[in-house]
J.: 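Starting off with a structure, shown below.
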Amino acid sequence: MSAMDRARRAKELVANKNSMIYLDLKDIIKDHALPFLPAKSLFRFNGVCKDWKVQIRSPFFAHKQSTSFSDISGFFLVSSPSTVPSFVSLDSTAYGVPDPSLKFLPEPVDIRASSNGLLCCQGREGYKAYYICNPVTKQWKKLPKPIADHGRDPALVLIFEPSLLSFVAEYKLVCVFPSVDFEKGHEFEIYSSKEGSWRISGEIYYGSGSVSPRSGVYVNDVVYWHTSLGRILAFDLKMERAQLLYSHGYFDSVMGEMDGKLCSTRAHGNAVTVSVLSNAYTNTMQMHSSVKAWAQKLSVNLNPAPVPSAPGSRGSLLHASGNLPRGALVASWRSYCLMLPLCKPEEETLVVIVGYVWN
């Protein structure tokens, strides 16, 4: 073999090795990076190459992406019961939905609850049926009619926890409603997608006051609602037992989840304060016990203040959740919407929605 042939072969070998490195890197990105991207970005990457397009449109990839990407993309807002929903994106270049008004559903709806990308909507016509939908894929399901009357403004909580080991999107819908058979009693009706039917729990909660709609959250197998008397109603889904807890002490706080625990967030002046439920059984302890139900977790001062100081106005938190890779404060006042950073680098980050109501 001549020296010229040996040099040419050496160049071909190096080129082949570089090609292998490139292919390996491309496969790594396709298999291990794409699942962590939001849906809107993935739609754009359909045009990169045929392999990526096939991968992104695979149902197995969609399942993996649903368990890998966990950032909050934005919020659906409804200014009044007669208006169509709108979507506020936390990053319009990366996050979005194809039809924010949800017109792909068979009738106009009101959004009642959400969980990990799924929405629970209620129709405005007939017996006001419930719909569970995915606003990204436009897939939806109409639920059967509940057994009980949930009222005009039902206190619903949607529970959907994607799992890498389960390819079936199983979810539950829990509603607490005033009992018609027991005075001052509240009952619980549960829909299971696995069973495809409703059932009324045997548990009955007795107590004065009503349950606040749109206040419910789900944390570690327990559903929580605010009550009109300033307490928190807790319903354990596994044991199907209800109890009344001491609240954070404020009527203008909102519940959420932080570090796997129930958290309560309040905006007052320039401060946003977050406390977590550290002991749910303080109501059973002896008097003057030093054990507290709530422990302050985070306090952040904001400028401008999240609560308006204009005469005749009042503010209330609409959403708060922690342990996010980024934080933001979205404040709406009349027809305006303002987004501010809410980050404390050395501690947890927080996303808070503040709604302003003009009287």
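Keep in mind that the numbers below use all heavy atoms, side chains included, and drop hydrogens, waters and symmetry copies.
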J.: Are any non-hydrogen side-chain atoms of V217 and E257 less than 4.5 angstrom apart?
T.: no
J.: Quick check: is L105 connected to I132 through a chain of hydrophobic side chains (ILVMFWY, heavy atoms under 4.5 Å apart)?
T.: no
J.: Establish whether I200 and L143 are linked, either directly or via other cluster members, by ILVMFWY side-chain heavy-atom contacts under 4.5 Å.
T.: yes
J.: Sequence neighbours left out, cut at 3.5 Å: what donor-acceptor pairs do the side chains of residues 176-183 make with other protein atoms?
T.:
| residue | atom | partner | partner atom | Å |
| --- | --- | --- | --- | --- |
| S179 | OG | D181 | N | 3.2 |
| S179 | OG | F182 | N | 3.1 |
| S179 | OG | E187 | OE2 | 2.8 |

J.: Atom OG1 of T273 and atom CD of Q296: how far apart are they, to the nearest 0.5 Å?
T.: 5.5 Å
J.: With a 4.5 Å cut-off on side-chain heavy atoms, are R231 and Y246 touching?
T.: yes
J.: Identify all side-chain donor-acceptor contacts of residues 114-122 below 3.5 Å with residues at least two apart in sequence or on another chain.
T.:
| residue | atom | partner | partner atom | Å |
| --- | --- | --- | --- | --- |
| S115 | OG | F160 | N | 3.0 |
| S115 | OG | F160 | O | 3.2 |
| N116 | ND2 | F160 | O | 2.5 |
| Q122 | OE1 | R112 | NE | 2.9 |
| Q122 | OE1 | R112 | NH2 | 3.1 |
| Q122 | NE2 | K128 | O | 3.3 |

J.: If I take atom NZ from residue K138 and atom NZ from residue K103, how far apart are they, to the nearest 0.5 angstrom?
T.: 11.5 Å
J.: Just jot down the side chain to side chain contact (heavy atoms under 4.5 Å, CB included) partners of K50, sequence neighbours excluded, or say none.
T.: V54
J.: Taking side chain to side chain contact (heavy atoms under 4.5 Å, CB included) as the test, write out the residues that go with E240, two or more places apart.
T.: I190, R199, S201, F235
J.: Between the side chain of W294 and the main-chain N/O of S247, is any donor-acceptor distance below 3.5 Å?
T.: yes
J.: Tell me whether L244 is reachable from L237 by hopping between hydrophobic residues (I, L, V, M, F, W, Y) whose side-chain heavy atoms are closer than 4.5 Å.
T.: yes
J.: Search all heavy atoms of S253 against all heavy atoms of R266 and return the closest pair with its distance.
T.: CB-CB, 4.3 Å
J.: Any donor and acceptor pair, going by atom type alone, linking the side chain of E203 with main-chain N or O of A242 inside 3.5 Å?
T.: yes
J.: Locate the shortest heavy-atom distance separating R124 from E107; write the atom from each residue and the value.
T.: N-OE1, 3.3 Å
J.: Run the numbers on I232 and L277 for side chain to side chain contact (heavy atoms under 4.5 Å, CB included), then give the verdict.
T.: CA-CA 11 Å; I232 295 175; L277 182 65; over 6 Å; no
J.: Please report the C-alpha distance between D99 and S101 in whole Å, then the side-chain angles of each, then the deciding distance to 0.1 Å, and finally whether the side chain to side chain contact (heavy atoms under 4.5 Å, CB included) criterion is met.
T.: CA-CA 5 Å; D99 185 4; S101 63; 2.8 Å; yes
J.: Who are the ring pair (Phe, Tyr, Trp, His ring centres under 6.0 Å) partners of Y205, not counting sequence neighbours?
T.: H186
J.: Shared ILVMFWY cluster between L233 and Y218, side chains joined below 4.5 angstrom?
T.: yes
J.: Out of curiosity, does Y191 fall in the hydrophobic cluster containing I159 (side-chain heavy atoms, cut-off under 4.5 Å, transitive links)?
T.: no
J.: When you compare the side chain of L158 with that of Y130, does any pair of heavy atoms fall below 4.5 Å?
T.: no
J.: Walk me through whether L102 and F76 qualify under side chain to side chain contact (heavy atoms under 4.5 Å, CB included).
T.: CA-CA 10 Å; L102 306 180; F76 279 92; 4.2 Å; yes
J.: The criterion is side chain to side chain contact (heavy atoms under 4.5 Å, CB included); which residues satisfy it with V222, sequence neighbours excluded?
T.: Y224, A234, D236
J.: R214 versus D153: any side-chain heavy-atom pair under 4.5 Å?
T.: yes
J.: Please name the pair of heavy atoms, one in L156 and one in A113, separated by the smallest distance, quoted to 0.1 Å.
T.: O-CB, 4.1 Å
J.: Between W198 (side chain) and P144 (backbone), is there a donor-acceptor pair under 3.5 Å?
T.: yes
